[in-house]
Amino acid sequence: MIMVQMIAVMLTPILRSGRLTLLGLMLATGAAAEPRYSFDATPGKLPKTVVPTHYAIEFEPNLEGLTLAGAEVIDIEVREPTAQLVLNAVAMTLSAASIDNEAQSAVIALDAPAETATLTFPQPLAAGAHKLRIGFTAQINKFGRGLFSVDYPTDKGKKRMLASHFEPTDARRMFPCWDEPAFKASFALTVTVPRALTAVSNMPVAREEPVTPSLKQVAFAPTPKMSSYLVVLAVGEFERLTAQADGVTVGVVTTLGKREQGRFALDSAVNLLRYFNDYFGVKYPLPKLDLIALPGGFGGAMENWGGITFFESRLLFDPAANPASARRGIFTILAHEMAHQWFGNLVTMGWWDNIWLNEGFASWMQAKAAQRFYPQWQTWLNGSGAKQFAMDLDARRSAHPIQQPVANETEAMALFDGITYSKGQALIRMLEAYLGEGAFRDGIRRYMAAHAYGNATTADLWQALETAAGKPVGRIASTFTEQAGVPLVIAQAVCSGDEQRLVLRQERFNVRAPAPENGASPGASEGPRRWQVPVTAGPPRAVRPSATVLLDGQGEIAAGRCGEPIKLNLGDIGYYRVEYDAATRAALGKSLPLLAPADRVNLIADSWALVEAGRNEPQAYLELVEGLGNEDSRAVWERVIGTLTRLVWLARGRPERPALQAYVRTKLRPLFDRLGWDAAGRETGDGPLLRPRLIRVLGELGDEEILAEARRRYAAFLENPQSLRPELRETVTHLVGLTADRATYDSLIALARKSTITNERSRYYSAAASARDPALARETLALTLTDELPNTMIGSVIGTVASSGEQPALAWDFVRANFEALASKQSPFFRNTFVSNLMTNFSDAERAAELAAFAPAHATSGGRIIAARAEETIRIAADFKASALPAIAEWLKKRNGRD
Ligand SMILES: [Zn+2]
């Protein structure tokens, strides 16, 4: 699965001002080494005395009334005689439950907080096979969980379609089931729908016949054994584009009129299917794979087996309306979800505490596949921000191990965060580099073959890799998966004769705010940490490491001739930070232009992280950036822009701000001037991506020339939409929105209302939401209480008001005053998490205290975890700006004197 926030992390190398904060779980220290998978020992809440083997489910959705009538017959295996069956069901009614052709009827008891149904029979069921029949009525939701409706505008008026989304724990909103990943079974779905509509599920249609003049019944072939969270159903006015790959029918399913925009995704899916068939050594086991484009409902993508769902603009590509670079995101997300068809769907984690296995692996494979098919995109280099983001979170008191106990649904949901995805991705990349590409792939093939159609734990993966590579994978990797934190490698150059060695030791790398006065201090009881770190080293210009050492506590590494610069973590592949002695640091700073772009990114990122940790002066970082000169790597600039704009953000309302803003403008403007508004001729490289990025940042920093040109181009666009190239549409619209007066604001809202294209509508609404004029911001906020915006857009529109305007308080006061009205239209997760995320737009300790006092954010254990992390984010920002901004202002004064 990719949630919308993770897309920003994984596809945008930059995290604007650190305000995009994904929030995770607190750590539990001292986890013992994890055992290999066993069904009986795997965590979960349902008793393991009864297991389902096959579900035959009939659904009849009522698209007008938004209810769902259902009946299911579940083949179950009773392992020990019992009179009670416990399975999952929530927000539904069960009309009847009986066993073995009504031999016995059950008394039904629903437990809403536990999300279970307990069926109690008069007599115990004997061990062995039985058939359980259940009738039920569920809801079709207006938010994107369980089965939900999506209303979308078309040229022929408003249309409604249905789709499902279950991960992690929402299959139980659509049908009663053993809704834990270890209970694998086959599923045969039958659905009765209006004859004009098309139904799509995991498997191909086996039978379709009319049942009334207006209704038809569609039966799908049974699935292989799989977990319940991977079932999918979509119903609507669809069209489909198909191709064949290795005997599998690959399809793109869209609403009417959009089929051709699926061409790029379809071609990519064909390539990826062949690539993965080979890589995993097991052929994709279903007869078809559909990519289903939803015009709303949820923002990300979900790997349902054989029927992957995507928010439409994550999948469809229209060359006339989308910039060419949009293909990068489409390919990457597609590769991620397709990798899950094996890693996650064919072999599934036993329990949500191992969700990193799914997500870390798919996140790694998305980059590996992009690198394989489009090396010119430099996906690892340009995606390096994701690792930095994970390391930032992982340096905190509220960091959590990527393998993490999960007690309930809210905690499982909270695990889909930057640490799970991006630390997992980085760890797998580091392991692959350490073991070698071939040995690593052989290990993955072993793992697939051994656990196909079953479940596994992290320990099973390490075991397969150890067998293939003959190296102690588990011993190394478990130090990264079973404990939180980032290793800091401290390097000291030592000379003997002409030979140089770096003496290495390790500590835990910490970026922490002072603990709040009152509360408990999570993490206070942590003992010292030790990692087994594969440390690499090489001279500038090195492509391969000249030395590698597995650092366990202390060690040393050969470092060429005395006084020569030597770079650790070559290629930015390792998950650790490095602190050099002063002389080595100076030598590296001087050789900056000689380093490969990935090493420049790594050095600059570590240098800034050390500032945040209080181990380096901000001035030293700024001097390093001064040394970049004619830097041309987008990835390097993205890191620098991220840091500098964060400083400007922190300086909001403080005396240091104008000088800081002017400095960042003078730093970036020459770079933009080299690129210009329009490319001269055909452009290669990253210019098409760096240009809109620089325009956006310079405009946000108040570059009047840029803002005036954006307004001019927008005016021309209103006259003739073709005049504004797809590459610049998002940026120009955003800047115009930011500085909008009443007339411009009205024009943006009018464009949004008129458009029938999903991502165009959201572009205009979010441009309007960017308006810094408080009166316009209030008007945007009021819109979120009407029926005008789709439910999925409400959170992001409020978030944009909070982050683009100068006054996040406006958004927060509005949310506080209208919380119940807003929450009533959203999924339960909104109630737990939205305010915590919103509050990270503040950088004042009092706001952390307000969040601590906001009851709904603390109502569930998952919510409390997310709130604690948000509070720490705010406190870190508050603490850092007080200590760093005055020193930076001093440095700027001196620098301006130098000019
Ligand atoms: Zn995923």
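Keep in mind that the numbers below use all heavy atoms, side chains included, and drop hydrogens, waters and symmetry copies. The structure displayed is predicted, hence computed values, not measured ones. Ligands are counted one by one from 1 in listed order, and the atoms in each one are counted from 1 as well.
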Note: D318-R263 ion pair, threshold 4.0 Å (strictly below): no

Among the N, O or S atoms of E359, the one nearest the Zn ion (ligand 1): OE1

Can you name the N, O or S atom of H340 that is closest to the Zn ion (ligand 1)? NE2

Does the distance from a Lys or Arg side-chain N to an Asp or Glu carboxylate O, for E432 and K368, drop under 4.0 Å? yes

Angle at the Zn ion (ligand 1): provide the value between O of M1 and NE2 of H336, rounding to 10 degrees. 100°

N/O/S from E337 sitting under 2.8 Å away from the Zn ion (ligand 1): no

Pair R327, S268: side-chain N/O donor-acceptor within cut-off below 3.5 Å: no

Strictly distance-based, threshold 3.5 Å: is any side-chain N or O of W351 a donor or acceptor partner for the main-chain N or O of V406? yes

